Structures are given as structure tokens and as C-alpha cells.
Participant: 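Right, I'll just put the structure down here and ask away after.
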Amino acid sequence: MSEQELVRRDNLQKIKDLGINPYPPELFPVNVTAAEIKANYAEEVLEDGTKNRLNYQKVVIAGRIMAQREAGKAMFMNIMDSTGTIQLYMKRDELGHGDDFTFFDVLVKKLLDLGDFVGIKGFVFNTKTGETSIHVQELTLLAKALRPLPIVKRDAEGNVHDAFTDPEMRYRMRYVDLIVNPEVKQTFLKRTKMVNSIRNFLNERGGLEVDTPVLQPIPGGAAARPFKTHHNALDVPFFMRVANELYLKRLIVGGFEWVYEFSRNFRNEGMDRTHNPEFTILEFYVAYKDYFWMMETTEQLLEKAALDTCGTTDVAFGDKVLNFKAPFHRMSIYQAIEKHSGIDVSEMDEAALREVCKKLHIELDPSMGRGKLIDEIFGEVAEKHFIQPTFITDHPVEMSPLTKKHRSKPGLVERFELYCNGKEIANAYTELNDPIEQRERFEEQVKLMERGDDEAMYIDHDFLRAMEYGMPPMSGIGFGIDRLAMLFTGQASIQEVLFFPQMRPEVF
RNA sequence: GAUUCGGUAGCUCAGGUGGUAGAGCACUUGACUUUUAAUCAAGUGGUCCUGGGUUCGAAUCCCAGCCGAAUCACCA
């Protein structure tokens with residue numbers, strides 16, 4: 001244990017020896033927050049010129065001690081509650097009992113440490129230097145801290161000194177990160193604002209929020225490697241879901257016309273600054289709609305989310321400005337490839353596509369079919385160029401086994417992906433609802449699997465049965481919520497928008 | 001998974017061509033009854049990530065490992 005931890009444990013014992021409970025059970029009747037005081041406090045000046053502090057004569061507030069400044073028989077502290085920090089001012093005479101100054105001299109000055117929680121009763125005033133502060137009349141220790149916090153200081157110019165910046169420590173000890181780095185808290189508040197905005201949008205338009213299984217016997221709905229687990233009582237394997245698509249569609253079969261779910265998905269793949277093993281996709285499915293309708297709805301949803309979250313449709317990201325004002329650009333995947341490479345792949349067969357890939361130095365493996373090859377070419381030459389929100393539409397049928405064939409363009413499906421800042425943030429279809437064709441598409445996936453594609457989809461027989469009972473036409477979409485949160489909060493790393501990003505377990 | 005960079009006090013970091021471990025803040029003791037990166041004075045605090053090797057001697061050089069970050073690959 002470090003010297004500072006030993007000191008704190010010693011202080012804890014001394015507090016107990018004074019007959020003070022360092023972890024009292026009673027509720028503390030807080031009646032105001034730091035932000036409210038700062039926003040609303042004013043010293044009222046009467047007509048005769050004297051000051052009369054009417055506001056905040058009896059404040060009760062609680063928070064964590066973030067700074068202490070002793071000044072002889074007086075003392076200043078900064079405490080922080082969920083809304084921010086506020087300064088405390090206390091005098092020895094006023095916290096003592098007659099001539100016994102033990103409380104101030106021993107408890108307040110010696111035994112309280114940075115990080116302790118205290119409850120305060122007092123009145124608000126402005127110091128000589130103009131800082132709105134609380135003149136403390138009563139102080140209650142609410143919880144003792146036994147570890148020293150990292151000390152982050154900000155000077156008058158707003159420069160940060162000794163910031164707590166080590167990403168490993170920040171992610172492993174997010175609680176400390178949130179305490180000492182206020183901007184981190186803002187990022188997460190913004191994320192929740194965004195999610196609330198989207199949820200409100202969907203609810204207002206008749207969407208029904210539902211929950212579907214995370215543990216699935218067949219991991220369907222996306223091309224991805226699943227986590228595998230085991231149920232003891234049933235003695236069967238289960239997979240953590242990679243997507244919830246097939247379950248939401250079952251609910252549309254069941255008669256709901258608009259269902260949505262913020263789905264925590266799990267994919268057993270690489271991790272980097274845009275991938276976490278568990279992440280959130282919002283999926284929703286709407287009966288009787290097609291992907292054109294879905295494009296318009298997506299534009300409206302994102303425009304509102306940007307306004308609610310950032311206060312503007314021009315969202316700053318690094319040195320770029322992303323414009324979420326509807327409508328967004330639209331371009332087919334073939335046009336996108338041709339625009340950025342000059343190559344027209346629309347009529348090419350698999351062999352010709354392989355030649356193109358070779359020229360572009362794209363790694364190939366034998367399991368790749370025509371659709372996958374086009375996807376690779378798009379990823380190589382075009383994807384990174386779509387900074388402003390852009391719908392990329394009409395993908396080849398081979399890479400979209402759950403999507404309806406295009407109404408007029410042979411070999412293509414009615415699908416779009418939304419790209420923004422060079423990254424995919426949404427993926428939507430006019431959904432396939434022909435059970436016979438769906439069975440054939442699944443069988444093509446099985447062939448891909450036999451060819452070595454370990455991400456190809458399994459046949460979900462119950463899903464096919466559901467479709468055979470009659471599935472209305474519909475359109476569906478999935479939004480990468482973490483990536484959207486990154487865009488709206490200006491973060492380049494997914495770890496900055498997840499409270500607890502996955503890391504190798506710490507060894508104690 | 002590959003490559004590169006990093007790991008030194010509670011925090012942020014310096015140092016290092018092999019020879020007693022450094023700073024600021026924090027912490028301890030003292031002064032100061034409106035301070036605010038408070039100030040002033042004096043102190044405490046280290047498995048220099050771990051394990052091997054080379055050497056009279058390793059925090060420093062070499063090898064292996066652990067953990068993280070960045071880039072790349074796969075993926076959303």
C-alpha cells in the first residue's frame with residue numbers, strides 16, 4: 001500500500017476515534033445542485049444600497065472534495081456533484097463548539113482528504129474575487145475515500161495540468177476518468193441524449209420497442225463470427241446474437257407493423273478503435289414500406305438526432321463539418337466504384353472482378369463470390385471518400401441473402417448503406433418476404449460456407465416457417481449506434497463512447 | 001494476428017552512450033480568517049512492468065514474456 005493510502009486509513013481510524021461515523025446511513029437532504037446555484041445566484045441590492053442575500057440562504061448540498069486550500073483559520077474547498085463543482089468557504093469560529101475547535105482543526109483540516117464525500121449546509125455568497133461560493137455552517141462527512149485521486153488542475157487560462165490521460169487506466173478505471181475528466185462525462189451525456197432523441201422519434205411515429213433473445217440457437221441476421229456458450233439445464237449450445245433481424249421480422253409476421261430494438265450484439269472478431277466485441281445496433285422493421293421510404297425516414301431521424309444532440313445539423317468532427325440536413329446524397333454502388341476508380345464493374349463476372357482486385361492489390365481468397373468481390377473493391381476505392389452522409393444503393397444479390405431483388409435492375413437487390421465520415425453507419429433493405437426464394441438464398445449461403453466462408457449464414461428453419469405463414473412486405477434498417485455516437489461527440493475511438501470498453505482482464 | 005511506440009513516486013513526466021533515482025503537483029509537519037494551478041518553509045515517498053542473460057556492477061545493453069496505444073488485416 002502506498003504512503004498516501006496508509007495516511008488515509010490512519011485518518012479513517014482517527015475519525016472513528018472522534019466518534020464520527022465515516023459512512024453514515026442517514027439520507028442527506030440535498031436541496032440544490034452546484035449548477036443551479038451558479039446559474040441562479042445573485043446578490044440582491046436593496047433600494048437603500050445595502051445588499052440583502054435573498055437567494056440560497058439555506059442550501060443543503062453534497063459532493064466529493066476535489067480541492068482544498070487552507071488559509072490559516074479559514075479554508076476553501078471545491079466540491080463536485082453530478083452537475084459540476086462549487087467552492088466552499090469555512091471559518092474555524094463557525095464550525096467549532098464554543099472554544100473547542102477540534103472539529104475544524106482536526107477533522108476538517110487534517111482528516112478530510114481529496115475524494116471524500118461531504119454534505120454541506122450553509123448560505124451562498126460571492127467572495128472578494130467574485131467566485132460564487134457556499135459559506136459553510138455545517139459539514140457532515142458522508143463517505144471517506146481511501147485512495148488518492150489523480151490531481152488534475154486547470155489554471156485561469158483554462159490550461160489543464162497533469163491531466164489523467166493514460167488510455168489504459170482511463171478505460172480500466174472509468175469511475176476515476178469520469179471524476180477527474182469532466183469532458184468525458186459530457187461525451188456520455190451526449191450519447192444518451194442521442195439515444196433518447198432516436199427513441200422519441202420512433203415512438204412518436206408508432207414504433208414499438210421490443211426485446212428479443214440474446215441467446216440464440218442459430219446466430220442469424222448478419223455475416224459474422226459468433227460467441228458460443230452453453231446452457232447447462234438444456235445441455236445445448238447457444239450463440240450470443242450477432243444481430244436481431246430474424247426475430248424482429250418474426251414479430252412483423254406476428255402482426256406488429258413497426259418494431260424496434262436497441263440490440264446489444266456480440267461478434268467474436270478483431271478489436272480496434274472502431275470495433276468492440278459487444279456493441280449496439282438499432283434495428284427497426286416497418287410493414288408495407290420499401291427502401292425508398294426508409295431512406296427518407298433515415299434522413300429525418302438523423303437530422304432530428306443531430307439537432308437534439310448537437311443543436312445543429314452541421315456537426316463538427318475533427319477539421320470536418322458533417323452536414324445532416326436532409327436530403328442526403330444517393331449513389332449506386334456501381335456508380336460509386338466507377339466514380340472513384342474509373343472502372344465499370346457492373347457487367348463483370350467473377351473472373352474479371354478477380355483481375356480488378358489483383359490490380360488494386362486486394363487480398364483474395366477462394367471463398368469470395370461475385371458480391372463479396374464487389375464489396376471489397378468498393379471498400380478499397382470508394383468507401384473512404386464518402387465524408388458527407390451518402391446512401392450507397394443497389395448492391396449485388398450475392399452479398400445480401402435477406403434482401404428483395406431489385407424491382408427493375410437484374411442481379412441487384414433493393415438495399416442501401418449509409419456512409420458518413422468514410423464509415424458505414426446504417427444498412428437497410430426492402431426485405432425479402434418470399435419464403436421459397438428465401439430458402440434458396442439460405443442454400444446459397446450454405447454453399448459459400450462449404451467453400452470456406454466462415455461468416456456465411458446458417459439456415460434458420462423456424463424463420464423460414466414464420467415466413468411461410470405469410471410475411472407482409474416491409475423495409476428494415478440497422479444503425480451502428482456506437483459509431484453514430486462517435487460522430488456526434490467528435491470521438492475517433494469507439495472506446496471513448498463506451499463506458500467500459502472490452503480489455504484484456506487485469507491481473508491483481 | 002503483424003509492425004511500430006510506450007510502461008520510472010498516488011498523477012503528469014524527465015533522465016539513461018552501464019557507476020548512490022529526479023522535477024512539478026499530491027502527501028506529511030509548520031505559518032497564514034475571502035483563497036482559487038493559493039502562497040511560504042521543511043520533509044516523506046520507488047519491484048524504474050515481469051523473468052532471464054551479458055557485466056565487477058543493469059533502471060540503462062541483449063533475449064523472452066505481460067499490459068496498453070497507434071497503424072495494418074478482418075469486421076459494424
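Everything numeric here is computed off the predicted structure, so don't read it as measured data. In what follows, chains carry the letters A, B, and so on, assigned in the order in which the sequence lines appear, proteins first and then strands, with residues in each chain numbered from 1.
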Participant: For nucleotides 70-73 of chain B, give me every protein contact, N/O to N/O, under 3.5 Å, one pair per line with atom names.
Facilitator:
{"unit_1": "U71(B)", "atom_1": "OP2", "unit_2": "R273(A)", "atom_2": "NH1", "d": "3.1"}

Participant: Considering only residues two or more places apart or on different chains, which pairs with a residue in residues 156-182 of chain A satisfy ring-ring contact (aromatic ring centres under 6.0 Å, His included)?
Facilitator: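 Residue pairs passing ring-ring contact (aromatic ring centres under 6.0 Å, His included), neighbours aside: none found.
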Participant: Mapping V7(A) and Y89(A) onto RNA chain B by nearest heavy atom, which one lands closer to the 5' end?
Facilitator: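 Nearer the 5' end of the strand: V7(A).
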Participant: Nearest to the side chain of K109(A), heavy atoms from C-beta on, is which of C67(B), C32(B), A26(B)?
Facilitator: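 Looking only at heavy atoms from C-beta outward on K109(A), the closest nucleotide is C32(B).
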Participant: Taking the same atom, C1', in C63(B) and in G1(B), what whole-Å distance lies between them?
Facilitator: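 The answer is 22 Å between these two C1' atoms.
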Participant: How close do T274(A) and M486(A) get, heavy atom to heavy atom, and via which atoms?
Facilitator: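 Between these two residues, the closest heavy atoms are CG2-CE, 4.1 Å.
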Participant: Any strand counts, and the cut-off is 3.5 Å on both contacts for Watson-Crick or G-U wobble. Which nucleotide pairs with U4(B)?
Facilitator: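 U4(B) is paired, partner A69(B).
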Participant: Specify whether Y458(A) and F239(A) have parallel, tilted or perpendicular ring planes, treating 30° as the upper limit for parallel and 60° as the lower limit for perpendicular.
Facilitator: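 Plane angle between 30° and 60°, so tilted.
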Participant: Detail all sub-3.5 Å separations between protein N/O atoms and N/O atoms belonging to nucleotides 8-12 of chain B.
Facilitator:
{"unit_1": "G10(B)", "atom_1": "N9", "unit_2": "Q4(A)", "atom_2": "NE2", "d": "3.4"}
{"unit_1": "G10(B)", "atom_1": "N7", "unit_2": "Q4(A)", "atom_2": "NE2", "d": "3.3"}

Participant: When you measure from the side chain of R172(A), which nucleotide among C32(B), A26(B), G68(B) comes out closest?
Facilitator: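 Comparing C32(B), A26(B), G68(B) against the side chain of R172(A), the answer is G68(B).
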Participant: To the side chain of K110(A), which of U33(B), U35(B), U29(B) is closest?
Facilitator: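 Among the listed nucleotides, the one closest to the side chain of K110(A) is U29(B).
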Participant: What is the distance, rounded to the nearest whole Å, between atom CG of N126(A) and atom C1' of U35(B)?
Facilitator: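 That distance rounds to 14 Å.
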Participant: Give one of base, sugar-phosphate or nothing for N276(A), where a contact means two heavy atoms less than 4.0 Å apart.
Facilitator: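 Touches a base.
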Participant: On a plain distance test, is the side chain of T129(A) in donor-acceptor contact with the base of U34(B) below 3.5 Å?
Facilitator: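 There is none.
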Participant: Which nucleotide, C32(B), A69(B), A76(B), lies nearest any side-chain atom of R483(A)?
Facilitator: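 For the R483(A) side chain, the nearest candidate turns out to be A76(B).
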Participant: Regarding E496(A) and S493(A), do their side chains bring together a donor and an acceptor under 3.5 Å, going by distance alone?
Facilitator: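 Absent: no donor and acceptor within the cut-off.
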Participant: Nearest to the side chain of A74(A) - U33(B), U34(B), C27(B)?
Facilitator: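 The answer is U33(B).
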Participant: NA contact type, E424(A), heavy-atom cut-off 4.0 Å: base, sugar-phosphate, or nothing?
Facilitator: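 Sugar-phosphate, no base atom in range.
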Participant: Is it true that D17(A) and K14(A) make a salt bridge, defined as a side-chain N closer than 4.0 Å to a carboxylate O?
Facilitator: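 No, this pair does not count.
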Participant: Can you name the residues that form a side-chain hydrogen bond (donor to acceptor under 3.5 Å, both in side chains) with T83(A), not counting sequence neighbours?
Facilitator: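 T83(A): side-chain hydrogen bond (donor to acceptor under 3.5 Å, both in side chains) contacts with D81(A).
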Participant: Taking the side chain as everything from C-beta on, heavy atoms only, tell me whether L139(A) gets closer than 4.5 Å to L112(A).
Facilitator: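 The answer is yes, as the side chains (C-beta and beyond) meet within the 4.5 Å cut-off.
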Participant: Here's a test for you: under side-chain hydrogen bond (donor to acceptor under 3.5 Å, both in side chains), which of H395(A), R415(A), R441(A) qualifies with S400(A)?
Facilitator: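 Answer after filtering H395(A), R415(A), R441(A): R415(A).
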Participant: Would you say CZ of R330(A) has more than 12 non-hydrogen atoms from neighbouring residues, nucleotides or ligands within 6.0 angstrom?
Facilitator: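 Counting other residues, nucleotides and ligands, CZ of R330(A) exceeds 12 neighbours.
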Participant: Side chain of K153(A) only, heavy atoms from C-beta on: which candidate in A38(B), A76(B), U35(B) is closest?
Facilitator: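 The closest nucleotide is A38(B).
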Participant: Can you tell me how far P of U35(B) sits from CG of D155(A), to the nearest Å?
Facilitator: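 D155(A) atom CG is separated from U35(B) atom P by 18 Å.
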Participant: In residues 75-88 of chain A, which ones come under 4.0 Å of RNA chain B, going by heavy atoms?
Facilitator: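 Those residues are F76(A), Q87(A).
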Participant: Using the side chain to side chain contact (heavy atoms under 4.5 Å, CB included) definition, which of the options Q502(A), Q495(A), M503(A) pairs with M271(A)?
Facilitator: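 Filter result, single survivor: Q502(A).
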Participant: Any salt bridge between R92(A) and D105(A), counting N to O under 4.0 Å?
Facilitator: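 Counted as a salt bridge, because a side-chain N and a carboxylate O are separated by less than 4.0 Å.
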Participant: Over all strands shown, is R147(A) touching base, sugar-phosphate only, or nothing at heavy-atom distances under 4.0 angstrom?
Facilitator: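 Nothing, no heavy atom under 4.0 Å.
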Participant: Using a heavy-atom cut-off of 4.0 Å across all strands, would you classify R154(A) as base, sugar-phosphate, or nothing?
Facilitator: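 Sugar-phosphate contact only - R154(A) comes under 4.0 Å of backbone atoms but never of a base.
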Participant: Nearest to the K128(A) side chain among U34(B), A76(B), U28(B), which nucleotide is it?
Facilitator: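 From the listed options, U34(B) comes nearest.
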Participant: Test of understanding: with side-chain contact (heavy atoms from CB on, under 4.5 Å), list the residues that count as partners of K384(A), not counting sequence neighbours.
Facilitator: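 Scan of K384(A) (side-chain contact (heavy atoms from CB on, under 4.5 Å), adjacent residues dropped) gives none.
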